[in-house]
K.L.:
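Structure below; questions to follow.
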Amino acid sequence: MRRRARPGLTSRALRLARDARILVLDVDGVLTDNGVLYDADGLVLKRFSVLDGLGIKLLQHAGVEVAVISGLDNAQARRRLKELGVAEFNGGHRRKLPILEDMLRVRGLEFRHVAYMGDDLLDLPVMAKVGLPMAPADAQPEALRRAAWISRRPGGGGAVREAVRLLLTARGANLTPQED
(Lines give C-alpha, C1' and ligand atoms only; values in the text may rest on other atoms or scores of the structure.)
Protein backbone atom coordinates (compact mmCIF):
# COMPACT_ATOMS: atom_id res chain seq x y z
CA MET A 1 0.00 0.00 0.00
CA ARG A 2 1.26 3.44 -0.96
CA ARG A 3 1.98 5.83 1.91
CA ARG A 4 -0.26 8.87 2.09
CA ALA A 5 1.52 12.08 1.10
CA ARG A 6 1.72 14.94 3.54
CA PRO A 7 2.50 18.57 2.85
CA GLY A 8 5.71 20.09 4.13
CA LEU A 9 9.33 19.05 4.33
CA THR A 10 8.82 15.48 5.50
CA SER A 11 11.78 13.12 5.73
CA ARG A 12 10.28 10.95 2.97
CA ALA A 13 9.82 13.91 0.61
CA LEU A 14 13.35 15.16 1.28
CA ARG A 15 14.77 11.69 0.62
CA LEU A 16 12.93 11.41 -2.71
CA ALA A 17 13.91 14.96 -3.67
CA ARG A 18 17.65 14.30 -3.28
CA ASP A 19 17.80 12.38 -6.58
CA ALA A 20 15.94 15.06 -8.57
CA ARG A 21 17.98 16.49 -11.45
CA ILE A 22 15.05 17.98 -13.37
CA LEU A 23 11.71 19.49 -12.37
CA VAL A 24 8.97 18.86 -14.91
CA LEU A 25 5.72 20.78 -14.60
CA ASP A 26 2.24 20.76 -16.04
CA VAL A 27 0.80 24.20 -16.84
CA ASP A 28 -2.93 24.43 -16.16
CA GLY A 29 -3.62 23.76 -12.50
CA VAL A 30 0.09 23.83 -11.59
CA LEU A 31 1.59 27.02 -13.02
CA THR A 32 -1.89 28.56 -13.36
CA ASP A 33 -5.01 28.43 -11.22
CA ASN A 34 -6.89 26.43 -13.90
CA GLY A 35 -8.91 29.52 -14.76
CA VAL A 36 -9.38 30.96 -18.22
CA LEU A 37 -10.31 34.60 -18.76
CA TYR A 38 -11.58 35.98 -22.06
CA ASP A 39 -11.44 39.64 -22.98
CA ALA A 40 -14.16 41.30 -25.08
CA ASP A 41 -12.42 40.20 -28.29
CA GLY A 42 -12.17 36.57 -27.21
CA LEU A 43 -8.48 36.74 -26.32
CA VAL A 44 -7.59 34.10 -23.74
CA LEU A 45 -5.75 35.27 -20.62
CA LYS A 46 -4.06 33.12 -17.97
CA ARG A 47 -2.64 34.11 -14.60
CA PHE A 48 0.83 32.96 -13.48
CA SER A 49 2.28 33.38 -9.99
CA VAL A 50 5.32 35.61 -9.57
CA LEU A 51 6.22 33.48 -6.54
CA ASP A 52 6.45 30.43 -8.79
CA GLY A 53 8.47 32.37 -11.34
CA LEU A 54 11.12 33.37 -8.82
CA GLY A 55 11.18 29.80 -7.54
CA ILE A 56 11.92 28.53 -11.04
CA LYS A 57 14.78 31.03 -11.38
CA LEU A 58 16.20 29.96 -7.98
CA LEU A 59 16.10 26.31 -9.00
CA GLN A 60 17.79 27.02 -12.32
CA HIS A 61 20.48 29.00 -10.48
CA ALA A 62 21.08 25.92 -8.31
CA GLY A 63 21.68 23.83 -11.43
CA VAL A 64 18.35 22.04 -11.65
CA GLU A 65 16.72 22.10 -15.07
CA VAL A 66 13.05 23.00 -15.38
CA ALA A 67 10.87 21.73 -18.24
CA VAL A 68 7.16 21.65 -19.04
CA ILE A 69 4.82 19.09 -20.56
CA SER A 70 1.29 20.37 -21.05
CA GLY A 71 -1.86 18.88 -22.48
CA LEU A 72 -2.57 22.23 -24.12
CA ASP A 73 -0.36 24.33 -26.33
CA ASN A 74 -0.91 28.00 -25.64
CA ALA A 75 0.94 31.20 -26.37
CA GLN A 76 0.56 32.52 -22.82
CA ALA A 77 2.50 29.60 -21.34
CA ARG A 78 5.15 29.77 -24.07
CA ARG A 79 5.69 33.47 -23.39
CA ARG A 80 5.86 33.13 -19.60
CA LEU A 81 8.25 30.17 -19.76
CA LYS A 82 10.49 32.00 -22.23
CA GLU A 83 10.62 34.95 -19.80
CA LEU A 84 11.75 32.52 -17.10
CA GLY A 85 14.40 30.90 -19.28
CA VAL A 86 12.66 27.52 -19.45
CA ALA A 87 13.95 26.15 -22.74
CA GLU A 88 11.83 23.04 -23.01
CA PHE A 89 8.09 23.54 -23.40
CA ASN A 90 6.19 20.57 -24.79
CA GLY A 91 2.64 21.77 -25.37
CA GLY A 92 -0.32 19.97 -26.85
CA HIS A 93 0.51 16.50 -25.54
CA ARG A 94 -2.29 14.56 -23.91
CA ARG A 95 0.03 11.53 -23.68
CA LYS A 96 2.82 12.96 -21.55
CA LEU A 97 4.78 9.83 -20.70
CA PRO A 98 6.31 9.33 -24.18
CA ILE A 99 7.43 12.98 -24.14
CA LEU A 100 9.10 12.51 -20.76
CA GLU A 101 10.75 9.28 -21.92
CA ASP A 102 12.28 11.17 -24.87
CA MET A 103 13.45 13.97 -22.58
CA LEU A 104 15.16 11.48 -20.27
CA ARG A 105 16.79 9.59 -23.11
CA VAL A 106 18.31 12.80 -24.53
CA ARG A 107 19.65 13.80 -21.10
CA GLY A 108 20.83 10.36 -20.00
CA LEU A 109 18.58 10.50 -16.95
CA GLU A 110 16.32 7.94 -15.29
CA PHE A 111 12.79 8.34 -13.94
CA ARG A 112 14.20 8.52 -10.39
CA HIS A 113 15.89 11.80 -11.38
CA VAL A 114 12.55 13.47 -12.11
CA ALA A 115 10.45 15.60 -9.80
CA TYR A 116 7.10 16.12 -11.50
CA MET A 117 4.16 18.26 -10.46
CA GLY A 118 0.77 17.50 -11.97
CA ASP A 119 -2.82 18.03 -10.94
CA ASP A 120 -5.15 15.94 -13.09
CA LEU A 121 -5.82 12.70 -14.93
CA LEU A 122 -3.41 13.35 -17.82
CA ASP A 123 -0.57 13.54 -15.30
CA LEU A 124 -1.17 10.16 -13.64
CA PRO A 125 0.93 7.98 -15.98
CA VAL A 126 3.94 10.26 -15.47
CA MET A 127 3.36 10.51 -11.73
CA ALA A 128 3.35 6.72 -11.50
CA LYS A 129 6.89 6.51 -12.95
CA VAL A 130 8.90 9.44 -11.60
CA GLY A 131 11.04 9.54 -8.49
CA LEU A 132 9.14 12.41 -6.86
CA PRO A 133 5.51 12.81 -7.94
CA MET A 134 4.05 16.04 -6.54
CA ALA A 135 0.67 17.76 -6.63
CA PRO A 136 -0.70 21.18 -5.70
CA ALA A 137 -3.11 21.29 -2.76
CA ASP A 138 -6.13 21.73 -5.05
CA ALA A 139 -5.28 18.89 -7.45
CA GLN A 140 -7.86 16.29 -8.40
CA PRO A 141 -8.23 13.41 -5.89
CA GLU A 142 -6.55 10.93 -8.24
CA ALA A 143 -3.44 13.11 -8.51
CA LEU A 144 -3.40 13.70 -4.75
CA ARG A 145 -3.46 9.93 -4.18
CA ARG A 146 -0.59 9.41 -6.64
CA ALA A 147 1.59 12.18 -5.16
CA ALA A 148 4.43 11.50 -2.74
CA TRP A 149 4.35 15.18 -1.77
CA ILE A 150 1.50 17.71 -1.78
CA SER A 151 1.96 21.45 -1.52
CA ARG A 152 0.02 23.54 0.96
CA ARG A 153 -0.67 26.15 -1.70
CA PRO A 154 -2.89 25.79 -4.77
CA GLY A 155 -1.83 25.59 -8.39
CA GLY A 156 -1.00 29.03 -9.77
CA GLY A 157 -0.72 30.33 -6.21
CA GLY A 158 2.71 29.30 -5.01
CA ALA A 159 2.58 25.49 -5.26
CA VAL A 160 5.62 25.42 -7.55
CA ARG A 161 7.53 27.73 -5.19
CA GLU A 162 6.90 25.26 -2.36
CA ALA A 163 8.14 22.41 -4.55
CA VAL A 164 11.28 24.41 -5.32
CA ARG A 165 11.85 24.96 -1.59
CA LEU A 166 11.64 21.19 -1.08
CA LEU A 167 14.11 20.48 -3.91
CA LEU A 168 16.57 23.15 -2.79
CA THR A 169 16.40 22.07 0.83
CA ALA A 170 17.06 18.46 -0.17
CA ARG A 171 20.15 19.63 -2.08
CA GLY A 172 21.36 21.75 0.82
CA ALA A 173 21.19 24.77 -1.50
CA ASN A 174 20.74 28.38 -0.48
CA LEU A 175 17.10 29.47 -0.53
CA THR A 176 17.89 33.14 -1.09
CA PRO A 177 19.13 34.61 -4.36
CA GLN A 178 22.70 35.85 -4.42
CA GLU A 179 23.56 39.11 -6.14
CA ASP A 180 25.59 38.69 -9.30
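All figures in this text were calculated on a predicted structure; none of them were measured in a lab. Numbers here simply count residues along the sequence, with the first being 1.
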K.L.:
Begin with the C-alpha distance, continue with both residues' side-chain angles, and end with the deciding distance and a verdict on salt bridge (Lys or Arg N to Asp or Glu O under 4.0 Å) for R153 and D138.
P.N.:
CA-CA 8 Å; R153 303 206 54 165; D138 60 342; over 6 Å; no
K.L.:
Measuring from atom CG of L31 to atom CD1 of I56, what distance do you get when rounded to the nearest 0.5 angstrom?
P.N.:
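So the gap between those two atoms works out to 5.0 Å.
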K.L.:
How close do A67 and I22 get, counting heavy atoms only, and between which atoms?
P.N.:
CB-CD1, 4.2 Å
K.L.:
If I compare all heavy atoms of A143 with all of A139, which pair ends up nearest, and what's the gap?
P.N.:
CB-CB, 4.1 Å
K.L.:
Decide salt bridge (Lys or Arg N to Asp or Glu O under 4.0 Å) for E142 and R146; before the verdict, give the C-alpha distance in whole Å, the side-chain angles of both, and the deciding distance to 0.1 Å.
P.N.:
CA-CA 6 Å; E142 297 85 355; R146 186 68 51 92; over 6 Å; no
K.L.:
Are there over 12 heavy-atom neighbours, none belonging to K57, within less than 6.0 Å of that residue's NZ?
P.N.:
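It does: K57 NZ has more than 12 such atoms within range.
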K.L.:
Under 4.5 Å between any side-chain heavy atoms of S151 and P136, yes or no?
P.N.:
yes
K.L.:
Output yes when R80 and E83 qualify as a salt bridge under the 4.0 Å nitrogen-oxygen rule, no when they do not.
P.N.:
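Yes.
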K.L.:
Would you check, one step at a time, whether the test side chain to side chain contact (heavy atoms under 4.5 Å, CB included) holds for R152 with E162?
P.N.:
CA-CA 8 Å; R152 288 187 169 97; E162 282 187 45; 3.6 Å; yes
K.L.:
Quick check for you: to the nearest 0.5 Å, what is the distance between S70 atom OG and R78 atom CZ?
P.N.:
9.5 Å
K.L.:
Under 4.5 Å between side-chain heavy atoms, counting indirect links through other Ile/Leu/Val/Met/Phe/Trp/Tyr residues: same cluster for V160 and L51 or not?
P.N.:
no
K.L.:
When rounded to the nearest 0.5 angstrom, what distance separates CD in E65 from CG in L59?
P.N.:
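If we round to the nearest 0.5 Å, E65:CD and L59:CG are 10.0 Å apart.
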K.L.:
Looking at CD1 of I69 and CG of L97, how far apart are the two atoms once the value is rounded to the nearest 0.5 Å?
P.N.:
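It comes to 8.5 Å.
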K.L.:
Backbone N or O of L54 within a donor-acceptor pair of the R161 side chain at under 3.5 Å?
P.N.:
no
K.L.:
Between D102 (side chain) and I99 (backbone), is there a donor-acceptor pair under 3.5 Å?
P.N.:
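Side chain of D102 to backbone of I99, a donor-acceptor pair under 3.5 Å: no, none is there.
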K.L.:
Is a donor on one side and an acceptor on the other found under 3.5 Å between the side chain of D39 and the backbone of D41?
P.N.:
yes
K.L.:
Surrounding CZ of R18 (heavy atoms of other residues, nucleotides or ligands, distance under 6.0 Å), is the total greater than 12?
P.N.:
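Check passes, neighbour count above 12.
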K.L.:
If I compare all heavy atoms of S49 with all of G158, which pair ends up nearest, and what's the gap?
P.N.:
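Between these two residues, the closest heavy atoms are OG-N, 3.9 Å.
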K.L.:
Within this structure, what is the CD-CG distance for the pair Q140 and L121, rounded to the nearest 0.5 Å?
P.N.:
7.0 Å
K.L.:
Once rounded to the nearest 0.5 Å, what's the spacing between atom CG of L166 and atom CG of L16?
P.N.:
9.0 Å
K.L.:
How close do M134 and A115 get, counting heavy atoms only, and between which atoms?
P.N.:
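So the minimum-distance heavy-atom pair works out to CE-CB, 3.9 Å.
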K.L.:
Apply side chain to side chain contact (heavy atoms under 4.5 Å, CB included) to Y116 and K129, showing your working.
P.N.:
CA-CA 10 Å; Y116 180 87; K129 298 281 262 184; over 6 Å; no
K.L.:
Applying side chain to side chain contact (heavy atoms under 4.5 Å, CB included) to D26 and K96, what does each step give before you reach the verdict?
P.N.:
CA-CA 10 Å; D26 180 26; K96 298 179 179 187; 3.0 Å; yes
K.L.:
Looking at V44 and Q76, what are the two nearest heavy atoms and their distance?
P.N.:
O-NE2, 2.5 Å
K.L.:
Between V36 and L45, is there a shared hydrophobic cluster once you connect ILVMFWY residues whose side-chain heavy atoms come closer than 4.5 Å?
P.N.:
no
K.L.:
So which atom in A135 and which in L144 form the shortest heavy-atom distance, rounded to 0.1 Å?
P.N.:
CB-CD2, 4.1 Å
K.L.:
Go through K46 and N74 one step at a time and tell me if the side chain to side chain contact (heavy atoms under 4.5 Å, CB included) criterion holds.
P.N.:
CA-CA 10 Å; K46 291 182 182 259; N74 65 70; 3.7 Å; yes
K.L.:
Please list every donor-acceptor pair under 3.5 Å in which a side-chain atom of residues 84-91 meets a protein atom from a residue at least two apart or in another chain.
P.N.:
residue : atom : partner : partner atom : Å
E88     : OE1  : R107    : NH1          : 3.3
E88     : OE1  : R107    : NH2          : 2.4
E88     : OE2  : N90     : ND2          : 3.2
N90     : ND2  : V68     : O            : 3.3

K.L.:
Identify the residue among D19, L23, L132, V24 that makes a side chain to side chain contact (heavy atoms under 4.5 Å, CB included) with V114.
P.N.:
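One option only clears the test, and that one is V24.
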K.L.:
Do L122 and L72 sit in one hydrophobic cluster, given that two such residues count as connected whenever their side-chain heavy atoms are within less than 4.5 Å of each other, even indirectly?
P.N.:
no
